[in-house]
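Taking it in order: structure first as structure tokens, then the write-up.
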Amino acid sequence: MPIEPAPASTAEVRKGRRFRWRPAALIATVLVVALGIALGQWQTRRGDQKQAIANELAQREAEAPVALGAALQPAAALEYRRVRINGAFAQGWTVYLDNRPYNGVAGFYVLTPMRIDNSDVYVLVARGWTPRDSVDRSKLPALKTPSGSIALEGVVRLGPGHLMQLGQQAPLQPDAILQNLEVADLAAASKLRLQPFIVEQSRSSDTGDGLVRDWPQPSLGIEMHRGYAFQWYALSAMAVLFFVITGFRRGKK
């Protein structure tokens, strides 16, 4: 009869499962884990801070509209607040921001100063989006600008957004096609007393000009910070796992 091998003793089994590690490997693992946790916590805090900002901005937009009057208002205090304006558009100072696509179609943002009733103060209104001529880039769209005093609502923004500037900016003048625009520069060129912000006209304030008022929402990068935090925590976990696996493999050898 064949002789069956004797079962391994408990001591031998334990000996086969020994865990062996090197000081250098332990130090490297501790450093990687500490770095990963620290950076993960930093990204988590950044995400929490931006989430708090997003919550505050949402609360501002939900509040009742503020009536803009003759006094100049601080931009930071009104950012993302809804405002109500009674005034008349300045017919001679419409400008167009180029390279603002909408649903994959090239176009302009149309901006026109509006004089607030019973004052000499203007506010720059981002009236909406319009497609650009596909053949002649310099051709301006035929737009209808309301005349006389009207009422509209919108949301305050510090500016219309900045794009990478390629080449020389066109001169700032009426009907200019621009890549970027600063409110202070328009105030200096037009000699108008402008509020230090712009107002994105709301969809509900239809002035019959045919412009699209589907404004992009600001991105604070909250999900990006959450993703980076997960990656750093995962790196720490992988470092520990690698240290454990290689330790047992060395023990077997």
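Keep in mind that this is a model prediction, so the values were computed, not measured.
The shortest side-chain heavy-atom distance between Thr112 and Trp93 does not fall under the 4.5 Å cut-off. In this structure, Arg100 and Val110 have side chains that are not in contact, with every pair of non-hydrogen atoms separated by 4.5 Å or more.
Using a 4.0 Å cut-off between charged side-chain N and carboxylate O, Glu79 and Arg157 make no salt bridge.
Between the side chain of Gln195 and the backbone N or O of Ala71, at least one donor-acceptor pair lies under 3.5 Å. The closest donor-acceptor contact from the side chain of Asn180 to the backbone of Leu163 lies under 3.5 Å. Proximity of a side-chain donor or acceptor of Ser119 to a complementary backbone N or O of Val121 within less than 3.5 Å is detected. Panel note: side chain Gln91, backbone Pro146; a donor-acceptor pair is recorded below 3.5 Å. Side chain of Gln201 to main chain of Ser205: a donor-acceptor pair is present (N/O by atom type, distance under 3.5 Å, no hydrogens or angles).
Of all the heavy atoms in Val105 and Pro131, the pair that sits closest is CG1-CB, 4.3 Å. Considering all non-hydrogen atoms of both residues, Ser202 and Gly154 come closest at OG-CA, 3.3 Å. Nearest heavy atom pair, residue Pro113 against residue Leu186, reads CG-CD2, 4.4 Å. The minimum heavy-atom distance between Gly208 and Lys144, with the atom names listed, is O-CD, 4.1 Å. A pairwise comparison of heavy atoms in Pro141 and Thr130 identifies CG-CG2, 3.6 Å as the closest pair. For Val183 against Leu194, the heavy-atom pair with the smallest separation is O-CD1, 3.9 Å.
Within 6.0 Å of atom OH in Tyr233, more than 12 heavy atoms from other residues, nucleotides or ligands are found, so the atom counts as buried in its surroundings. In this structure, Glu182 places its CD atom where only 12 or fewer heavy-atom neighbours from other residues, nucleotides or ligands lie under 6.0 Å away. With a 6.0 Å radius and a threshold of 12 heavy atoms from other residues, nucleotides or ligands, Asp185 has its CG atom above the threshold.
A single hydrophobic cluster is seen to contain both Val212 and Val95, as judged by linkage of ILVMFWY side chains at heavy-atom distances under 4.5 Å, directly or through other members. Ile116 and Leu72 end up in the same hydrophobic cluster when Ile, Leu, Val, Met, Phe, Trp and Tyr side chains are linked at under 4.5 Å.
Looking at residues two or more places apart in sequence or on another chain, you find a salt bridge (Lys or Arg N to Asp or Glu O under 4.0 Å) between Asp206 and Arg213. Qualifying salt bridge (Lys or Arg N to Asp or Glu O under 4.0 Å) partners for Asp120, counting only residues two or more places apart in sequence or in other chains: Arg193.
The CE atom of Met114 sits 8.0 Å away from atom CG of Asp117, with the distance rounded to the nearest 0.5 Å. Interatomic distance, OH of Tyr96 versus CD1 of Ile177, reported as 8.5 Å (0.5 Å rounding). Separating the CD1 atom in Ile150 from the OG1 atom in Thr207 is a distance of 5.5 Å, to the nearest 0.5 Å. The OG atom of Ser149 lies 11.0 Å from the CD1 atom of Ile85; values are rounded to the nearest 0.5 Å. Ser134 OG to Asp136 CG: the interatomic distance, rounded to the nearest 0.5 Å, is 9.5 Å. Separation of atoms OG (Ser204) and CZ (Arg82) is listed at 8.0 Å; rounding is to 0.5 Å.
When Leu172, Leu111, Asn99 are each tested for a side chain to side chain contact (heavy atoms under 4.5 Å, CB included) with Leu178, only one passes: Leu172. Of the options Asn86, Val156, Val123, a side chain to side chain contact (heavy atoms under 4.5 Å, CB included) to Leu68 is made by Val123 and by none of the others.
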Do any side-chain atoms of residues 34-45 form donor-acceptor pairs under 3.5 angstrom with protein atoms, and if so which ones, sequence neighbours left out?
unit_1	atom_1	unit_2	atom_2	d
Gln43	OE1	His225	ND1	2.7
Thr44	OG1	Gly40	O	2.8

Counting only pairs under 3.5 Å, give me each side-chain donor-acceptor contact of residues 26-33, with atom names and distances, residues two or more places apart or in other chains.
unit_1	atom_1	unit_2	atom_2	d
Thr29	OG1	Ala25	O	2.8

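Identified under the ring pair (Phe, Tyr, Trp, His ring centres under 6.0 Å) test for residues 122-151, with sequence neighbours left out: Tyr102-Trp129. Residues in residues 190-218 take part in these ring pair (Phe, Tyr, Trp, His ring centres under 6.0 Å) pairs, two or more places apart or across chains: Tyr109-Trp215.
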- Can you list the steps and then say if Asp214 with Arg203 is a side-chain contact (heavy atoms from CB on, under 4.5 Å)? CA-CA 7 Å; Asp214 186 12; Arg203 294 183 187 178; 2.6 Å; yes
- Message: Show, in sequence, the C-alpha distance, side-chain angles and deciding distance for Val83 and Val155, and conclude whether the side-chain contact (heavy atoms from CB on, under 4.5 Å) test is met.
- Response: CA-CA 6 Å; Val83 293; Val155 177; over 6 Å; no
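For the pair Arg127 and Phe89, the cation-pi criterion (under 6.0 Å, within 45° of the ring axis) is fulfilled.
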